[in-house]
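Before any comments, here is the structure.
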There are 2 protein chains.
Amino acid sequence: MDKPITVLLYEDNRDLREGISFLLQATPGIVLAAACPHVNNLKADLAAYTPDVVLTDIGMPGMTGLEALPIIKATNPNIQVLMLTVFDDDERIFQAIRGGASGYLLKNTPPAEIIQAVFDVYRGGSPMTSSVARKVLQHFQQPAKVSSSEQLLSAREQDILKGLMKGYSYKLIADELHISIDTVRTHIRNVYEKLQVNSKTEAILKAMKDGFLG
Amino acid sequence: MDKPITVLLYEDNRDLREGISFLLQATPGIVLAAACPHVNNLKADLAAYTPDVVLTDIGMPGMTGLEALPIIKATNPNIQVLMLTVFDDDERIFQAIRGGASGYLLKNTPPAEIIQAVFDVYRGGSPMTSSVARKVLQHFQQPAKVSSSEQLLSAREQDILKGLMKGYSYKLIADELHISIDTVRTHIRNVYEKLQVNSKTEAILKAMKDGFLG
DNA sequence: CACCAAACCGCATTATCATGCGATTGTAGA
DNA sequence: TCTACAATCGCATGATAATGCGGTTTGGTG
């Protein structure tokens with residue numbers, strides 16, 4: 001049916017590298033092109049093996065997996081990169097995601113799932129350890145809006161704020177809402193007080209961060 | 001060791017509901033409080049069963065799972081909600097995430113993984129079907145930055161832009177970078193020209209939208 | 001009815017920003 | 001070497017924004 005998936009593995013820990021290599025080789029449908037302890041010959045490797053999927057550690061001597069990521073995606077954005085690492089801090093997770101990683105597994109993932117993940121990324125999925133996924137989801141959820149907040153801003157004030165967030169000047173906002181520029185000023189003054197800020201920029205940032213309500 | 005996880009299930013399809021119920025009941029460490037075909041008695045259910053985890057379908061007669069979600073989180077934000085559905089469109093996925101869902105499984109998920117997912121959410125993870133995860137990740141990745149863009153902005157210009165994005169005034173940026181305010185002006189001028197904008201706000205919005213590069 | 005909040009308007013002052021013009025230095029490349 | 005450009009600094013001017021103070025109208029609530 002399908003052609004086999006060509007995988008390239010980077011992992012500095014020898015035992016782990018050999019373990020995963022063995023698994024990959026033993027799996028029908030997967031061809032392990034190479035397994036390297038470092039990513040320093042990255043470009044040559046990519047050219048030589050033309051992998052479909054790159055499975056890589058983050059912490060490696062020399063160039064890290066995170067540094068390698070943009071190079072891989074620049075070489076061929078169709079290559080799916082799966083991070084396999086012990087790090088689960090926000091910083092590295094988001095750096096990986098922004099860099100275009102298609103999956104993020106922690107090293108405590110059982111071998112069978114790692115294999116499954118290779119198939120998943122190749123098919124357009126993004127396998128993620130569930131604790132990692134949680135961190136990702138949290139960045140979408142309204143930051144709790146814990147302490148009430150209700151509708152801190154009146155409807156009109158929200159209109160004005162939306163105008164600011166579109167990059168409009170006071171005058172433009174006034175025109176769009178058919179009110180005078182002085183009224184816009186007044187509303188903005190009130191918005192600033194409610195949001196505890198004192199500039200357009202701060203207001204916009206705050207509004208973006210915790211979605212209109214403080 | 002641990003107390004069992006109390007689960008509340010909502011699923012209108014009878015076969016599926018009974019199938020999942022059977023699985024949950026057969027799993028040590030999980031107690032199925034109830035399995036309902038609709039979510040219309042939601043508040044009463046929550047009060048009666050005080051679940052740790054709610055497993056819910058999205059498409060149900062009467063109130064949908066998506067409508068129920070905010071009510072659940074409002075009742076007790078500690079309840080972990082796991083969406084189990086056939087829908088994999090962006091709209092519903094993000095509505096669920098924004099609403100505070102802790103996991104999102106498609107119905108083709110094998111039973112064993114559903115059970116595993118219940119444990120995962122309870123432990124603070126966010127199990128997600130990998131195709132759903134992909135959609136989520138895509139919202140973080142730089143919008144392609146299709147046409148080159150290279151490093152449109154010099155390193156220093158990016159420093160200044162970062163300052164703007166933190167809401168700093170020219171003066172603050174100047175202080176932080178140990179340069180004169182006039183230099184800041186100059187850099188900003190150049191940034192504006194490169195980004196094709198003419199105000200702080202526009203620059204920030206543009207920078208946020210397509211990640212520094214235009 | 002009296003009170004209050006929201007929405008509306010105006011004016012004045014100071015602060016900050018946007019922009020034009022000009023200039024020096026250092027480094028990388030044609 | 002000449003050129004190009006990043007990075008630095010300065011001055012000046014008109015445009016916006018921030019803020020203080022004052023005011024009217026309207027709709028809802030105790």
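The model shown is predicted, which means the values in this text are computed figures rather than measured ones. In what follows, every heavy atom counts, from backbone to side chain, and hydrogens, waters and symmetry copies are set aside.
Counting any heavy atom pair closer than 4.0 Å across all strands shown, A:S180 reaches sugar-phosphate atoms only and no base atom.
No side-chain donor-acceptor contact under 3.5 Å links B:Q80 and B:R123.
If you take NZ of A:K194 and P of C:dA5, they are 10 Å apart, rounded to a whole angstrom. Rounded to a whole Å, the CG atom of A:L177 is 15 Å from the C1' atom of C:dA6. As rounded to whole Å, 10 Å separates atom P of D:dT8 from atom CD of B:E157. For the pair A:E193 CD and C:dA6 C1', the computed distance is 14 Å after rounding to whole Å. To the nearest angstrom, C1' of C:dC9 lies 10 Å from CD1 of A:I179. In this structure, B:I173 places its CD1 atom 16 Å from C1' of D:dT8, rounding to the nearest Å.
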In B/S/- notation, 5' to 3', how is nucleotides 24-30 of chain D contacted by protein heavy atoms closer than 4.0 Å?
-------
Output one letter per nucleotide in nucleotides 14-30 of chain C: B when a protein non-hydrogen atom lies under 4.0 Å from the base, S when only the sugar-phosphate is that close, - when neither is.
---BBBBB---------
Going through the checks in order, is the salt bridge (charged side-chain N to carboxylate O under 4.0 Å, His left out) test met by B:D88 and B:R134?
CA-CA 11 Å; B:D88 71 340; B:R134 173 66 64 108; over 6 Å; no
Please assess B:L106 against B:S131 for the test side chain to side chain contact (heavy atoms under 4.5 Å, CB included), listing each intermediate value before the final yes or no.
CA-CA 9 Å; B:L106 296 186; B:S131 63; 3.7 Å; yes
Step-by-step side chain to side chain contact (heavy atoms under 4.5 Å, CB included) determination, B:I97 to B:V136:
CA-CA 9 Å; B:I97 292 173; B:V136 173; 3.5 Å; yes
Any chance you could lay out the salt bridge (charged side-chain N to carboxylate O under 4.0 Å, His left out) test for B:K166 and B:E176, step after step, and finish with the verdict?
CA-CA 12 Å; B:K166 282 191 281 185; B:E176 193 174 56; 3.6 Å; yes
Check the pair A:D90 / A:H139 against side chain to side chain contact (heavy atoms under 4.5 Å, CB included), numbers first and verdict last.
CA-CA 10 Å; A:D90 282 37; A:H139 277 250; 3.8 Å; yes
Listed pairs under 3.5 Å, donor-acceptor, residues 4-12 of chain A side chains, sequence neighbours left out:
from	atom 1	to	atom 2	distance (Å)
A:Y10	OH	A:D45	OD2	2.6
A:E11	OE1	A:K107	NZ	2.9
A:E11	OE2	A:N13	N	2.8
A:E11	OE2	A:K107	NZ	3.3

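Taking only side-chain nitrogens and oxygens, B:H187 comes nearer than 4.0 Å to OP1 or OP2 of D:dT8. Within the structure, every side-chain polar atom (N or O) of A:T183 is placed at least 4.0 Å from both OP1 and OP2 of C:dC8.
A donor-acceptor pair is defined here as one N or O able to donate and one able to accept, closer than 3.5 Å; no such pair exists between the side chain of A:Y192 and the backbone of A:H187.
Once rounded to the nearest 0.5 Å, the distance linking CG of A:L42 with OG1 of A:T75 reads 6.5 Å.
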